[in-house]
Amino acid sequence: MSSAKGDLPDLGPLSPWAPELAETFVSLASDIALVIDEQGVIRKVAHGGAVPLELTAHDWVGRAWIDTVTGDTRTKIDKLLSEVSATGLARRREVNHPSAGGENIPVAYTAVRLGEHGPVLAVGRDLRAIAAIQQRFIDAQRDLERGYWATRQAESRYRLLFQVATDAVVVVDAASLAILEANQAAATLFDLGIEQLVGRAAVFGFEHRSRPAVEELLTTARTSGRPSEIRARLAGKVTAASVAATPFRADDQMRLLVRVRTVDTPPAAAQALDATLVRLVDQLSEGVVITDPSGRIQMANPAFLKLVGLRAEAELKGRSLLEWLALSPADLAALIQRARSHGLTRSPQGVQVSGGAPLVRVEIAAALLAEGDQECIGFTLRRIASDAAVAPPAPQPRIDDLQAGVEALAQSLGDVPLPELMRQAGALAERYLITAALERSGGDAAAAAGLLQVSRRSLALRHRRQADTAARPSKSDRPPEAG
């Protein structure tokens, strides 16, 4: 026999058995069952033994069902009762019951009306076990995500530190595609001195078949204003290289910061954290530190920590690099500005590093790191060996000495050919400039080489040649030949 609406069988004859049905439902498949009259008042509670729910529900009899739930789920009880009154059956809804312990107990209810004017039988399932499983899943997922991002951050940190210390970097004029600046790693990679790299075409170090691709990379970065990267093969090298070009502006001129790294090195390798990379970073002899544009430290390698006498990187983070360098704020700001403007720069003279460790003197190179979303500066600090200084010649350089030397050469007009006069004038000027650079740097060969923009080896050779020349008598000093 169908109900008046023809959707459900007539459950009216079961109305007297509502309490027994509640107990049966609970024993079979539910945690709680309620018998509710036409006014929405609970007349019977049957529970399946869940202790917090049992303790909470024991005093529900005689109360309106809507008053047993939290305020934010009262509307769900209204809808459930309206739906079961209209159709005889209500779909599943989740509500929260407050408990004596202060926590909310989530329960999912379905309801059926036993006859047209009969009571409502609401059957509920305690969702705490499911919620606990869901929460454990969410916590596990968060732990995995935290572990993943911690690994990625550590990987990025090691890659960044390694590339600052080892990547070959050249600054290229975007218009002519000629090299304007280069770091020591680039000089090593291309087997030339830094001063020999300046002025060369940016593609010179690549094999002929790779040069069109490298030139296209540079042109694309220049025209698009966005970083770009390709693989290319170096001239005379077995391994291929990753070549990345990042455009930046310096004094209203477009420049390209070009990084070259061989693809078999860890920074271009696996996407997971590489133990080899960690080992290589930890074994770097140069101190490496990365700062924001204001000079505040973001990360550093163990060699830098050793230089300043600290044990943990956390002791450095957020602090100014000035705390450990014998530089004025203006000098550090100028160094950072040159790195931002020119892509690469070096300190014009050696700098003392202080801290918990003994004082040491270092040469500092700074490079712009503009590959990520946030611009930062990478510094490398290389110890200056105690025997690296070249003693400056005496007497100290004076412009009067240079003028006197030129005047002396002028006295030889008519006796000495012009090419020889020019050679002697060039040697005189070179000696004066080297002496001036050494005086300005306090006898620090590395700093003097930086001022002159030559390598320390080139400076030592030039200085030795000058000493040898000074030791030999000139033609005018030689005694006249007999005869």
Apply the test ring-ring contact (aromatic ring centres under 6.0 Å, His included) to residues H97 and Y109: give CA-CA distance (whole Å), side-chain angles for both, the deciding distance (0.1 Å), then the verdict. CA-CA 12 Å; H97 291 288; Y109 285 102; 5.7 Å; yes

What pair of heavy atoms forms the shortest contact from I377 to A366, and how long is it? CG2-CB, 4.1 Å

Heavy-atom count check: over 12 atoms from other residues, nucleotides or ligands less than 6.0 Å from R91 CZ? no

For the CG atom of L369 and the CG atom of L257, what is their distance to the nearest 0.5 Å? 8.0 Å

Between P98 and N104, the two heavy atoms sitting closest are CA-OD1, 3.7 Å

Taking R211 for its side chain and F204 for its backbone only, find out whether a donor-acceptor pair lies under 3.5 Å. yes

V169 backbone acceptor or donor facing N183 side chain under 3.5 Å: yes

side-chain contact (heavy atoms from CB on, under 4.5 Å) assessment of W324 paired with V289: CA-CA 12 Å; W324 293 277; V289 60; over 6 Å; no

With a 4.5 Å cut-off on side-chain heavy atoms, are R296 and L321 touching? no

Is it the case that the side chains of T75 and D78 hold a donor-acceptor pair, with the cut-off being a distance below 3.5 Å and no angle test? no

To the nearest 0.5 Å, tell me how far E181 CD sits from L344 CG. 6.0 Å

Given the rule in the salt bridge (charged side-chain N to carboxylate O under 4.0 Å, His left out) test, do K76 and E94 qualify, once you have shown the distances and angles that lead to the verdict? CA-CA 8 Å; K76 294 184 180 182; E94 296 178 9; 5.8 Å; no

Is I179 close to V171 at the side-chain level, that is, under 4.5 Å between some pair of heavy atoms? no

Side chain proximity check, L305 to L316, heavy atoms < 4.5 angstrom: yes

Check for a donor-acceptor pair, side chain of S328 on one end and backbone N or O of D331 on the other, with a separation under 3.5 Å. yes

The reported gap from CG in L327 to CG in L335 (rounded to nearest 0.5 angstrom) is 7.0 Å

Does A365 offer a backbone N or O that forms a donor-acceptor pair with the side chain of R346 under 3.5 Å? no

One should read off an interatomic distance between R222 CZ and M254 CE, to the nearest 0.5 angstrom, of 9.5 Å

Working to the nearest 0.5 Å, report the span between CG of L217 and CD1 of I230. 4.5 Å

May I ask you to decide if V172's main-chain N or O and R255's side chain share a donor-acceptor pair within less than 3.5 Å? no

Return yes if some donor-acceptor pair links the side-chain N/O of E420 with the main-chain N/O of P417 below 3.5 Å, else return no. no

For the student: nearest non-hydrogen atoms of A245 and L218, plus distance: CB-CD2, 3.9 Å

Quick check: does any side chain N or O of S210 sit under 3.5 Å from a backbone N or O of F206, one acting as donor and the other as acceptor? no

Keeping E313 on the side-chain end and A300 on the backbone end, is there a donor-acceptor pair under 3.5 Å? yes

Is the shortest heavy-atom distance from the side chain of D292 to the side chain of Q298 under 4.5 Å? yes

Just so I know, are the side chains of I105 and R128 near enough to count as touching, which here means a heavy-atom distance under 4.5 Å? yes

d(E286 CD, L307 CG) to nearest 0.5 Å is 10.5 Å

Is a side-chain donor or acceptor of K79 paired with a backbone partner of R93 at a separation under 3.5 angstrom? no

Is the CD atom of E216 crowded by more than 12 outside heavy atoms at less than 6.0 Å? no

Ignoring hydrogens and geometry beyond distance, is a side-chain donor-acceptor pair present between E103 and S99 at under 3.5 Å? no

L256 and side-chain contact (heavy atoms from CB on, under 4.5 Å): which single residue from T246, L177, V170 fits? L177

Ionic contact status for E375 with R340, cut-off 4.0 Å: yes

For a quick check under 3.5 Å, do E229 and S242 share a side-chain donor-acceptor pair by atom type? yes

Is the side chain of N301 donor-acceptor paired with the backbone N or O of V288 at a distance under 3.5 Å, no angle test? yes

Nearest heavy-atom neighbours spanning L381 and V353: CD2-CG2, 4.0 Å

Can you see which heavy atom on R259 is nearest to which on D167, and at what distance? NH1-CB, 3.7 Å

Would you mind reporting whether E430 and L433 have side-chain heavy atoms less than 4.5 Å apart? no

Are I290 and F379 side-chain neighbours, meaning at least one heavy-atom pair lies under 4.5 Å? no

If you define the side chain from C-beta out and look only at heavy atoms, does anything of F190 sit under 4.5 Å from L234? yes

Take L325 and I364 through the test side-chain contact (heavy atoms from CB on, under 4.5 Å) and record every step on the way to the result. CA-CA 10 Å; L325 297 183; I364 300 178; 3.8 Å; yes

Heavy atoms only: give me the nearest A168-L189 pair and the separation to one decimal. CB-CD2, 3.7 Å

Could you go through D191 and K237, starting from their C-alpha distance and side-chain angles, then the distance that decides it, and tell me whether this counts as salt bridge (charged side-chain N to carboxylate O under 4.0 Å, His left out)? CA-CA 11 Å; D191 299 321; K237 307 285 184 181; 3.7 Å; yes

